[in-house]
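See below for the structure under consideration.
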Number of protein chains: 2
Amino acid sequence: MAGERLNPYGHDPLYVQLAAVLRQRIKSGEYGHLDPLPSEDRLKDEFGISRDTVRRAMEVLRKENLVFTVPHRGTFVGPRPDEPPTD
Amino acid sequence: MAGERLNPYGHDPLYVQLAAVLRQRIKSGEYGHLDPLPSEDRLKDEFGISRDTVRRAMEVLRKENLVFTVPHRGTFVGPRPDEPPTD
DNA sequence: CTGTATTTGTTCGTATGTATT
DNA sequence: AAATACATACGAACAAATACA
């Protein structure tokens, strides 16, 4: 399903709620390892919140090493892979 | 004329102002039916704004059916023409 | 067929201002 | 004051389709 909604009157801030939804989707396998998460714009539309709030949620997940972000590419499921040797 | 300027301190957001300028150019006939609008890059240079802002303005005009956009071709004056039959 | 240029599409990074709680 | 939230705006990078020489 894709119909979760956030509760603007809820106990937790929206970005915490969104992080929880995304965390659950990752744990459940709905978003698989190295899959890209929906873009910030898509999530903002899906949940009817601002991009700013989406970014805060992403930040939470990044700090948990559940996702990593590649600039201009997207945010992906999993810990950030090791860099290949430069040489 | 082609020298309109947007007012960064104005009451309306820049993308609303730009949409108004382009709307006027269409209504006046400066941009004729099925003419391509200047590209996003040209408009961004002409008005000294970001492409992001240009795209927001385009979105406004698209919603008004004043223009339609063909990916990788441009944005054209008028409502989107009917598709020819696929067959 | 092979590049090159043009143009829109997509995505994240960042900053500022305002309002609300 | 601090945290949360939204809107606006600019920047940067690259993808992909199209057109043309």
Side-chain angles (χ1 to χ4, degrees), chain A residues 4-22 26 31 34-81 83, chain B residues 4-22 31 34-63 65-81 83-84 86:
Chain A
E4 281 96 329
R5 299 194 313 287
L6 306 182
N7 177 10
Y9 309 107
H11 173 275
D12 288 327
L14 293 178
Y15 76 90
V16 172
Q17 294 182 47
L18 175 57
V21 169
L22 297 177
I26 291 168
Y31 298 153
L34 296 187
D35 278 353
L37 267 62
S39 74
E40 295 174 356
D41 259 28
R42 284 186 182 281
L43 289 172
K44 121 180 159 345
D45 291 340
E46 175 178 350
F47 290 94
I49 57 182
S50 73
R51 192 184 156 201
D52 185 85
T53 301
V54 173
R55 287 174 63 78
R56 285 175 190 271
M58 296 297 209
E59 192 182 355
V60 170
L61 300 178
R62 273 196 296 272
K63 284 179 177 164
E64 296 171 3
N65 283 299
L66 282 178
V67 304
F68 63 97
T69 297
V70 181
H72 315 119
R73 285 281 172 285
T75 295
F76 302 86
V77 176
R80 185 181 300 276
E83 309 256 344
Chain B
E4 280 95 331
R5 299 193 314 289
L6 307 183
N7 177 9
Y9 309 107
H11 174 275
D12 287 328
L14 292 177
Y15 76 89
V16 172
Q17 294 181 49
L18 176 56
V21 169
L22 297 176
Y31 298 152
L34 296 188
D35 277 354
L37 267 63
S39 74
E40 294 174 357
D41 261 28
R42 283 187 181 279
L43 288 172
K44 120 180 161 343
D45 291 341
E46 174 178 351
F47 289 94
I49 58 181
S50 72
R51 195 185 154 201
D52 182 86
T53 301
V54 173
R55 287 175 64 80
R56 280 176 190 260
M58 296 297 209
E59 193 182 355
V60 169
L61 300 178
R62 274 195 297 271
K63 283 179 177 163
N65 281 300
L66 282 179
V67 303
F68 63 97
T69 297
V70 181
H72 313 116
R73 293 293 303 135
T75 295
F76 303 84
V77 176
R80 184 181 301 277
E83 309 256 344
T86 314

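Given the structure is predicted, the values throughout are model-derived calculations rather than measurements. Residue numbers start from 1 in every chain, and the chains themselves are labelled A, B, ... in the order their sequence lines are given, proteins ahead of strands.
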Over all atoms of both residues, closest heavy-atom pair of T53(A) and Y15(A):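 Heavy atoms of T53(A) and Y15(A) come nearest at O-CB, 3.6 Å.
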Heavy-atom closest pair, residues L43(B) and I49(B):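 The pair with the smallest heavy-atom distance is O-CG1, 4.5 Å.
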Heavy-atom donor-acceptor pair, R80(B) side chain to T69(B) backbone, under 3.5 Å: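 Such a contact is found between R80(B) side chain and T69(B) backbone.
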Backbone N/O of V54(B) and side chain of E40(B): donor-acceptor pair under 3.5 Å: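 The answer is no, because no donor-acceptor pair under 3.5 Å joins these two groups.
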Lys/Arg N to Asp/Glu carboxylate O, E59(A) vs K63(A), below 4.0 Å: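 Judged by the 4.0 Å cut-off on N to carboxylate O distance, E59(A) and K63(A) do form a salt bridge.
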[atom1] of [X] versus [atom2] of [N]: gap in Å, rounded?
X	N	atom1	atom2	value
R56(B)	dT8(C)	CZ	C1'	17 Å
F68(B)	dT8(C)	CZ	C1'	14 Å
D45(A)	dT10(C)	CG	P	12 Å
L43(A)	dT10(C)	CG	P	15 Å
R73(A)	dG9(C)	CZ	P	18 Å

Start and end of the DNA chain D segment that chain B contacts, any atom under 4.0 Å from a heavy atom: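 Result: dT8(D) to dA19(D).
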I'd like to check [X] versus [Y] (side-chain heavy atoms, cut-off strictly below 4.5 Å). Are they in contact?
X	Y	answer
R42(A)	D45(A)	no
V60(A)	L18(A)	no
V67(B)	Y31(B)	no

Identified side-chain contact (heavy atoms from CB on, under 4.5 Å) counterpart of F68(A) within the set T75(A), V77(A), L34(A), L61(A):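 Per the side-chain contact (heavy atoms from CB on, under 4.5 Å) rule, the option paired with F68(A) is L34(A), out of T75(A), V77(A), L34(A), L61(A).
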R55(A) vs dC12(C): side-chain N/O to OP1/OP2 distance below 4.0 Å: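 It does not, given that no N or O in the side chain of R55(A) lies less than 4.0 Å from OP1 or OP2 of dC12(C).
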dT6(C) phosphate, OP1 or OP2, under 4.0 Å from S39(B) side-chain N/O: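 For dT6(C), neither OP1 nor OP2 has a side-chain N or O of S39(B) closer than 4.0 Å.
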5'-most by nearest nucleotide on DNA chain D - H72(B) or L14(A):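 Between the two, 5'-proximity favours L14(A).
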Strand partner of dA7(D), provided both Watson-Crick or wobble distances fall under 3.5 Å: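 For dA7(D), the partner nucleotide comes out as dT16(C), under the 3.5 Å rule.
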Earlier contact from the 5' end, DNA chain C, for T75(B) and M58(A):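 With M58(A) and T75(B) compared, the 5'-side residue is T75(B).
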Distances under 3.5 Å between nitrogen or oxygen atoms of protein and nucleotides 17-21 of chain C:
none

